[in-house]
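Read the numbers this way: they start at 1 and go in the same order the structure lists the ligands and their atoms.
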Amino acid sequence: MSDVVHDSVKSSLAQLFDRSAPTYEKVGVDHFADLGRRLVDHAGIAAGERVLDVGCGTGAVLVPAARATGPRGEVIGVDLSAGMAARAEEEIVRHGLPQARVVVGDAETLAADGIPADPGSYDAVLAGICLFFYPRPEEAMARYRRLLKPDGRFALSWWGRPDPRWDAVFTASAPFGRGPSSHALPGDSPFRSVEALHAALLTAGFDDVDTVEEDCVTRFDSDEQWWQWVWSTAGRQFWESVPEELRPDAVAAVNAELARLKAADGSLSSTSKVRFTLARRVS
Ligand SMILES: C[S@@+](CC[C@H](N)C(=O)[O-])C[C@H]1O[C@@H](n2cnc3c(N)ncnc32)[C@H](O)[C@@H]1O
């Protein structure tokens, strides 16, 4: 893919997340905040450290990272989407974390003003559920390694297997829209397997690469809340592609599958796998 195509992919992504931003993590479902706290724990962020949070979104990783560094540390978040970045800024103020700040820009190239990018500038680079959106994740990995101090950590979270009980929901919606209705990756993505990601990180020059896989349990009070949640995430992209006149049938097909998944109290839950990968720059 050429640079022009990559720029257009990123511009569409920024617009997609701008549309999600008003409701992202605001529909009463604790999803990304939980994953963000876990990523910060896996990375072992300590008081006084300097941290770069790439693809910071509304601050799910940035806020716990800034709590962990404390006022003597510094956390810089970067996001393509001005809407997501504005929400992260609100969170910084709401939680009283002057050690954190946000830059709107491309975290893959780090070309934006306001992002310290000297070699050896950071103790840790964190990437919560975002690196698989990059057109050239391998280049970004090598770039992040250069930014780390010796013994610095690059920690990222990414998806493992989706909950197989939900396959029927995505199968029911697929004929109505364009593109994947669940997480899908190009065949050569380093995120196709743990082995492929480890190989990419080792090629980027990291040492001590390790991944742990954990459950990501997401609970919805009702199918209405699940719909609100889908529209608050990047998952809305599929539903935006469903032509207006087909939406009633598409929604009905999905609701029929949701009815099969509902517990007696009308709630729904999904247990996907989430992976936390830690890579160290030894020297
Ligand atoms: C699923 S959200 C995750 C946000 C946050 N890290 C969290 O854990 O909630 C993915 C974020 O990555 C951002 N993103 C994707 N590609 C990016 C890039 N090249 N540069 C900066 N941000 C990017 C999106 O704008 C979006 O806010």
Side-chain angles (χ1 to χ4, degrees), residues 1 3 5-27 29-43 45 51-66 75-92 100 102-115 117 124-141 143-144 147 154-159 182-183 185 189 191 216 218 229-238 272 274-277:
M1 262 198 275
D3 287 350
V5 175
H6 287 167
D7 287 350
S8 125
V9 167
K10 287 178 184 173
S11 155
S12 302
L13 200 57
Q15 289 167 27
L16 172 68
F17 278 101
D18 279 347
R19 295 192 294 280
S20 296
T23 54
Y24 189 92
E25 284 289 274
K26 275 199 163 173
V27 301
V29 178
D30 183 32
H31 179 72
F32 292 104
D34 168 46
L35 299 180
R37 286 188 291 268
R38 288 198 248 170
L39 180 62
V40 169
D41 285 350
H42 281 291
I45 302 301
V51 176
L52 181 68
D53 175 21
V54 297
C56 67
T58 59
V61 174
L62 185 107
V63 167
V75 183
I76 300 158
V78 187
D79 204 282
L80 270 184
S81 154
M84 297 292 269
R87 287 268 324 274
E89 274 161 6
E90 285 167 23
E91 291 300 297
I92 289 169
V102 179
V103 176
V104 177
D106 184 354
E108 185 182 48
T109 60
L110 296 175
D113 288 344
I115 311 171
V125 176
L126 305 179
I129 311 290
C130 77
L131 221 71
F132 49 84
F133 288 111
Y134 292 8
R136 292 178 175 137
E138 291 93 340
E139 289 180 20
M141 291 172 200
R143 196 166 287 126
Y144 298 160
L147 289 181
F154 174 40
L156 64 154
S157 57
W158 52 294
W159 297 122
S182 179
H183 313 299
L185 297 166
S189 166
F191 294 96
C216 170
T218 314
W229 182 77
V230 169
W231 281 91
S232 76
T233 69
R236 67 182 291 137
Q237 188 168 28
F238 172 81
S272 303
V274 59
R275 291 165 177 161
F276 297 95
T277 298

Discussion item. Quick check on Glu25: does its CD atom have over 12 non-hydrogen neighbours (other residues, nucleotides or ligands) under 6.0 Å away?
Written reply: yes
Worksheet item: Residues in ring-ring contact (aromatic ring centres under 6.0 Å, His included) with His31, at least two apart?
Response: Trp159, Trp229
Practice prompt. State which residues pass side chain to side chain contact (heavy atoms under 4.5 Å, CB included) with Ala85; sequence neighbours excluded, sorted by chain then number.
Written response: Val102, Val104
Discussion item. So Thr277 and Trp158, do their side chains get closer than 4.5 Å, heavy atoms only?
Written reply: yes
Ligand 1: which protein N/O atoms lie under 3.5 Å from its N/O atoms?
residue	atom	partner	partner atom	Å
ligand 1	6 (N)	Gly55	O	2.7
ligand 1	6 (N)	Gly128	O	2.9
ligand 1	9 (O)	Tyr24	OH	2.8
ligand 1	19 (N)	Asp106	OD1	2.9
ligand 1	20 (N)	Ala107	N	2.8
ligand 1	22 (N)	Leu80	N	3.1
ligand 1	25 (O)	Asp79	OD1	2.6
ligand 1	27 (O)	Asp79	OD1	3.2
ligand 1	27 (O)	Asp79	OD2	2.7

Worksheet, complete the sentence: Minimal heavy-atom distance between Leu126 and Ala65, with the atoms involved, is CD1-CB, 4.0 Å
Worksheet entry | Residues in ring-ring contact (aromatic ring centres under 6.0 Å, His included) contact with Tyr134, at least two apart in sequence or another chain | none
